[in-house]
Every structure is written in structure tokens, then in C-alpha cells.
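Read through the structure below, which is laid out as C-alpha cells, and then see the notes.
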Amino acid sequence: MIKNIERAVQDGRFNDKVEVNDPTLPPAAEKAVIDHYLASQTTWRHRFNNVIVRTGMNLSARWIGHGIQVTGRENLAAVPGAAIVTSNHFSPVENLIVRKALGMPRLYIVSQTTNLEMPGTLGYVFNNADILPISADVNYLAHEFPDLLDTVFKRQHKVLIYPEQEMWYNYRKPRPPKRGAYYYAARFNVPVISCFVAIHTLAKQVSPAFNKVGYSMQIMPSIFPDPQKSVRENSIAMMQQDYRQKCQAYERAYQRKLTYQFSGMTSPAGGERTSHGGSHYLRLRAGLRQSDAKAA
């Protein structure tokens with residue numbers, strides 16, 4: 001995976017998949033998964049499980065987020081209601097850090113449809129959490145997905161979207177974003193809460209090869225659509241401002257200038273090898289790939 005990240009950085013492909021054998025779904029299967037998931041949202045069983053999962057995620061957020069340093073919470077006062085939250089995406093657990101730093105609101109998360117097909121506990125969580133599945137299908141993006149967002153925003157909830165698109169495990173640098181999150185912010189006239197999570201390697205080792213890590217999170221000034229601009233103009237301007245803020249946050253967090261030169265060290269971020277709960281996630285992903293292979 002590190003080699004894949006290195007090649008992607010060198011080619012300027014900052015939003016590509018880099019996980020080895022990352023699971024995919026053909027269009028027809030993806031549509032079936034989304035249709036089944038959306039149909040389940042109104043059932044009593046989902047509502048019951050949703051309460052269980054949200055409670056579990058909040059408890060996990062308190063545990064994982066305990067002791068993290070958060071700066072910029074005062075910027076949240078300007079956005080008491082509906083908003084799109086953006087953050088860098090380097091781990092399957094950083095959404096819990098974002099949730100904790102934001103004060104534990106009900107947080108919807110835009111997620112790849114393949115996550116709904118994960119086996120075991122993680123599959124149960126994805127299928128019963130506040131997930132908004134994303135798809136490459138143009139018709140879905142133009143109709144069903146905006147309707148989902150509209151419902152959430154009318155209820156004054158927040159939606160976490162990763163504009164970097166794909167997770168790059170342990171990659172510490174902000175990556176140039178895709179425009180989708182900002183298009184929807186402009187279309188629905190909601191602000192963007194700009195966040196950046198940093199990984200800090202600690203002295204304690206969890207194994208001979210890995211050090212324990214801590215986190216810090218910066219909440220930058222929120223970005224509002226300009227009523228004088230079109231949706232397209234706003235989406236581009238908001239995207240550019242969010243990326244600038246994340247780049248500045250990186251330099252504040254790590255006290256070094258941001259460059260995309262690959263260090264060639266053991267970490268794609270140019271630091272020590274670290275562990276923060278990702279091994280369990282990687283085993284689950286491997287289990288999904290094995291189950292896909294058996295199904296085929």
C-alpha cells in the first residue's frame with residue numbers, strides 16, 4: 001500500500017484508491033445494495049439498531065478522543081445547525097475524533113457503498129449507523145443522494161464528507177480535494193466546517209515495529225457560500241479555501257512546510273511506523289475480500 005501511495009503522489013493522483021485489492025462492486029450490485037439499505041431505513045429494526053450503534057459510536061468517540069487537543073472550537077458557534085463537515089481521511093477511526101471534537105452532535109457520514117457489504121461487526125455498524133451511501137452512478141448523484149442530504153439538512157444535522165475521497169492509511173498530509181462536498185454545500189446553502197486531524201507519534205511502543213499515537217484536531221473558520229456567486233463559483237471558491245486552511249493546519253500541527261515529496265521512509269507521511277487500531281480494520285477488509293472471492 002505504501003508503494004501505491006508513493007506512485008499516486010508522484011503521478012499527482014491524490015484521490016485514487018491505494019489499498020491492495022480494495023473491494024469494488026459492479027454497478028448493478030451497487031445499486032441493489034443501496035436500494036436495500038435505503039428501504040431498511042424506515043423499519044423498526046433499523047431504528048432500534050441505529051440507537052444502539054449511535055450510542056456505541058459516541059462511547060467509542062469519548063474513549064478514542066479522550067485527551068486529544070482540540071483548537072478552534074470557538075468557530076463552531078457560527079454554525080449551530082446544518083453543515084457539511086470536511087476532514088482529511090487517513091484512518092477508519094478519525095471520524096470518531098471529529099465527532100468528539102465537534103461536541104458529539106448527530107453526525108451523518110458519507111461512505112462508500114462497499115462498506116455496507118463488510119462482514120461481521122463492522123458491517124452491522126455501517127448498516128445501522130447514520131450512513132449516506134455514495135455511488136459513481138450519475139442518476140443517483142443527481143436525484144437520490146441530494147434528496148438524502150436535503151432531509152438531513154432540514155433536520156439541522158451535520159454531514160461528514162471526505163473530499164479527499166479515498167482513505168490513505170496513515171497519510172498525514174492534506175490532499176487536494178474533489179469538488180463534490182462543496183457543490184452540495186453551495187447547492188443547499190449550508191456552511192462547511194473545515195477540520196484537520198493530525199497524528200502524533202508517542203514514545204510508547206505497542207510492538208517492536210509500531211509506536212502508539214495520539215491525535216490533535218484543528219477546527220478552522222467555517223466557510224459560507226457567497227449569495228452573490230453561482231453554485232459552481234461558490235463550490236470552487238469554498239473548495240480552494242478549505243484546502244488552503246487544511247494546508248495551513250498541517251504546517252501548524254507538524255511545524256514544517258507542506259510538500260508532496262515522498263520521503264521514502266517507513267511511513268507514507270515521512271515519520272515512524274504507527275499503530276492506531278488499523279490492524280483490526282485491515283483484517284476486516286481482508287475478510288471482505290475473501291468473502292467476495294468465495295461468492296465469485
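Inter-residue side-chain proximity for Val110 and Leu160 is flagged as unmet; no heavy-atom pair is nearer than 4.5 Å. Annotation: side chain of His200 is in contact with side chain of Ser216 (closest heavy-atom distance under 4.5 Å). Residues Glu117 and Leu25 are in side-chain contact: their nearest non-hydrogen atoms beyond the backbone lie under 4.5 Å apart. Within the 4.5 Å cutoff, the side chain of Asn88 has heavy atoms near those of the Glu164 side chain. With contacts defined as side-chain heavy-atom distances shorter than 4.5 Å, the pair Ile219/Thr71 does not qualify. Contact of the Asp35 side chain with the Tyr37 side chain is not registered, since no non-hydrogen atoms from C-beta on lie closer than 4.5 Å. Side chains of Tyr171 and Val9 form a contact here, defined as non-hydrogen atoms less than 4.5 Å apart. In this structure, the side chains of Gln69 and Tyr215 stay at 4.5 Å or more apart for every pair of heavy atoms.
Distance CD/Gln41 to CG/Asn127: 9.0 Å, rounded to 0.5 Å. The CE atom of Met57 sits 4.0 Å away from the CZ atom of Arg99 when rounded to the nearest 0.5 Å. Residue Ile68 holds its CD1 atom at 10.5 Å from CG of Leu96, rounded to the nearest 0.5 Å. Here the CG-CG distance, from Leu107 to Asn95, works out to 7.5 Å after rounding to the nearest 0.5 Å. Taken from CZ in Phe145 to CD1 in Ile134, the straight-line distance is 4.0 Å, to the nearest 0.5 Å. Expressed to the nearest 0.5 Å, how far CD1 of Ile34 lies from CG of Asp137 amounts to 7.5 Å.
Closest approach of Ala253 to Gln218, counting heavy atoms only: CB-NE2, 3.6 Å. The two residues Ser40 and His46 come nearest to each other via the heavy atoms O-CB, 3.1 Å. In terms of heavy atoms, Pro146 sits closest to Tyr184 at CG-CE2, 4.0 Å. Nearest heavy-atom pair across Gly81 and Lys158 is O-NZ, 2.7 Å. For Met220 against Cys195, the heavy-atom pair with the smallest separation is CE-C, 3.9 Å. Looking at every heavy atom in both residues, Leu76 comes nearest to Ala101 through CD1-O, 4.2 Å.
The closest donor-acceptor contact from the side chain of Lys173 to the backbone of Thr259 lies under 3.5 Å. With hydrogens and angles disregarded, no donor-acceptor distance shorter than 3.5 Å links the side chain of Gln165 to the backbone of Tyr162. Listed for the Glu251 side chain is a donor-acceptor partner under 3.5 Å among the backbone atoms of Leu258. Counting only distance, with no hydrogens or angles, the side chain of Asn234 and the backbone of Ala186 share no donor-acceptor pair below 3.5 Å. Side chain of Asn115 to backbone of Ser111: no donor-acceptor contact under 3.5 angstrom is found. Judged purely by atom type and a 3.5 angstrom limit, Asn128 has no side-chain atom pairing as donor or acceptor with the backbone of Asn50.
Note on Leu149 and Val138: separate hydrophobic clusters, where clusters join Ile, Leu, Val, Met, Phe, Trp and Tyr whose side-chain heavy atoms are under 4.5 Å apart, directly or indirectly. Note: the hydrophobic cluster containing Leu59 does not contain Phe48 (ILVMFWY, side chain heavy atoms under 4.5 Å, direct or indirect links). Side-chain heavy atoms closer than 4.5 Å link hydrophobic residues (I, L, V, M, F, W, Y) into clusters, and following such links, even through other members, never connects Val51 to Met104. Under a hydrophobic clustering in which Ile, Leu, Val, Met, Phe, Trp and Tyr are joined whenever their side-chain heavy atoms come within less than 4.5 Å, directly or via other members, Leu202 and Trp63 fall into different clusters. Under the 4.5 Å side-chain contact rule for hydrophobic residues, Ile236 and Phe14 do not share a cluster.
Counted by atom type alone, Ser135 and Glu30 present one or more donor-acceptor pairs between their side chains at under 3.5 Å. In summary, the side chains of Arg172 and Thr201 do present a donor paired with an acceptor at a separation below 3.5 Å, with no hydrogens or angles considered. When only modelled atom types and interatomic distance are considered, Asp242 and Tyr182 share a side-chain donor-acceptor pair under 3.5 Å. Between Arg175 and Tyr260, the side chains place no donor N or O within less than 3.5 Å of an acceptor N or O (distance only, hydrogens not considered). Defined by atom type and a distance below 3.5 Å, a donor-acceptor pair is present between the side-chain atoms of Lys246 and Thr86. His89 and Glu94 share a side-chain donor-acceptor pair at under 3.5 Å. When only modelled atom types and interatomic distance are considered, Asn139 and His143 share a side-chain donor-acceptor pair under 3.5 Å. Between the side chains of Arg62 and Asn58, not a single donor N or O lies within less than 3.5 Å of an accepting N or O. For the residue pair Tyr124/Asn49, the side-chain donor-acceptor check at 3.5 Å is satisfied.
Ring geometry, Phe196 versus Tyr254: the interplanar angle exceeds 60°, so the pair is classed perpendicular (tilted spans 30 to 60°).
For the side-chain contact (heavy atoms from CB on, under 4.5 Å) test, residues two or more places apart in sequence or in another chain that qualify with Asn4 are Arg7, Val18, Val20. Listed by chain and number, the residues in a side-chain contact (heavy atoms from CB on, under 4.5 Å) with Phe224 are Ala78, Val79, Pro191, Ser222 (sequence neighbours excluded). Pro221 is linked by a side-chain contact (heavy atoms from CB on, under 4.5 Å) to Asn75, Gln245, counting only residues two or more places apart in sequence or in another chain.
Remark: Gln10 CD is packed, more than 12 non-hydrogen atoms of other residues, nucleotides or ligands lying under 6.0 Å away. Within 6.0 Å of atom CZ in Arg155, 12 or fewer heavy atoms from other residues, nucleotides or ligands are found, so the atom counts as exposed in its surroundings.
Salt-bridge check for Arg106 with Asp130: passed, with a basic side-chain N closer than 4.0 Å to an acidic carboxylate O.
Each of Ile109, Val192, Ile84 was checked for a side-chain contact (heavy atoms from CB on, under 4.5 Å) with Ile161, and the lone residue meeting it is Ile84.
Here the two rings, on Phe188 and Phe153, have centers that are under 6.0 Å apart.
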Notebook entry, point to check: Given Leu148 and Leu38, is the side-chain contact (heavy atoms from CB on, under 4.5 Å) satisfied, shown in steps?
Noted result: CA-CA 10 Å; Leu148 295 176; Leu38 295 180; 4.0 Å; yes
